[in-house]
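Source: prediction; values computed, not measured.
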Amino acid sequence: MSATIDKGSRQLPYPYGQSSRDEEALTAILNALHYHSGVPLERVRVEVRNGRCVLSGVVTREYQRALAEKTATEAGGVTEIVNLISLAS
């Protein structure tokens with residue numbers, strides 16, 4: 001989950017724009033989603049940057065979309081959640 005990016009001679013511990021708080025929030029959200037069997041993790045992507053969580057991907061049921069958002073909200077650590085998860089046709 002953590003990455004090191006080489007910018008010339010200096011090492012940045014997190015990708016540009018991401019902080020340790022973002023990584024903690026991402027970990028909490030992914031762990032919470034892991035324990036909800038109603039959310040297919042292989043079909044949902046979670047990104048956290050500057051306290052903003054973006055959920056994306058494609059699921060087959062509306063309840064999966066709603067459950068992913070509810071779970072991310074309850075996991076905490078973010079100031080905004082944007083749910084871009086769409087439903088499969």
In short, Arg52 meets Val82 closest at the heavy-atom pair NH2-CG2, 3.4 Å
Ala75 and Ala32 have their tightest heavy-atom pair at CB-CB, 4.3 Å
- Given the rule in the side-chain contact (heavy atoms from CB on, under 4.5 Å) test, do Thr73 and Val78 qualify, once you have shown the distances and angles that lead to the verdict? CA-CA 8 Å; Thr73 301; Val78 294; over 6 Å; no
Can you give each donor-acceptor pair under 3.5 Å made by side-chain atoms of residues 64-72, sequence neighbours left out, with the distance rounded to 0.1 Å?
{"from": "Gln64", "atom 1": "OE1", "to": "Thr60", "atom 2": "N", "distance (Å)": "3.1"}
{"from": "Gln64", "atom 1": "OE1", "to": "Thr60", "atom 2": "OG1", "distance (Å)": "3.2"}
{"from": "Gln64", "atom 1": "OE1", "to": "Arg61", "atom 2": "N", "distance (Å)": "2.9"}
{"from": "Arg65", "atom 1": "NE", "to": "Ile85", "atom 2": "O", "distance (Å)": "2.7"}
{"from": "Arg65", "atom 1": "NH2", "to": "Asn83", "atom 2": "O", "distance (Å)": "3.3"}
{"from": "Glu69", "atom 1": "OE1", "to": "Asn83", "atom 2": "ND2", "distance (Å)": "3.0"}
{"from": "Lys70", "atom 1": "NZ", "to": "Glu74", "atom 2": "OE2", "distance (Å)": "2.8"}
{"from": "Thr71", "atom 1": "OG1", "to": "Leu67", "atom 2": "O", "distance (Å)": "2.7"}

key: Within-4.5 Å side-chain heavy-atom neighbours: Cys53 and Leu55   = yes
Determine all donor-acceptor pairs shorter than 3.5 Å in which one atom belongs to a side chain in residues 33-47; sequence neighbours excluded.
{"from": "Arg43", "atom 1": "NE", "to": "Val58", "atom 2": "O", "distance (Å)": "3.1"}
{"from": "Arg45", "atom 1": "NE", "to": "Glu47", "atom 2": "OE2", "distance (Å)": "2.9"}

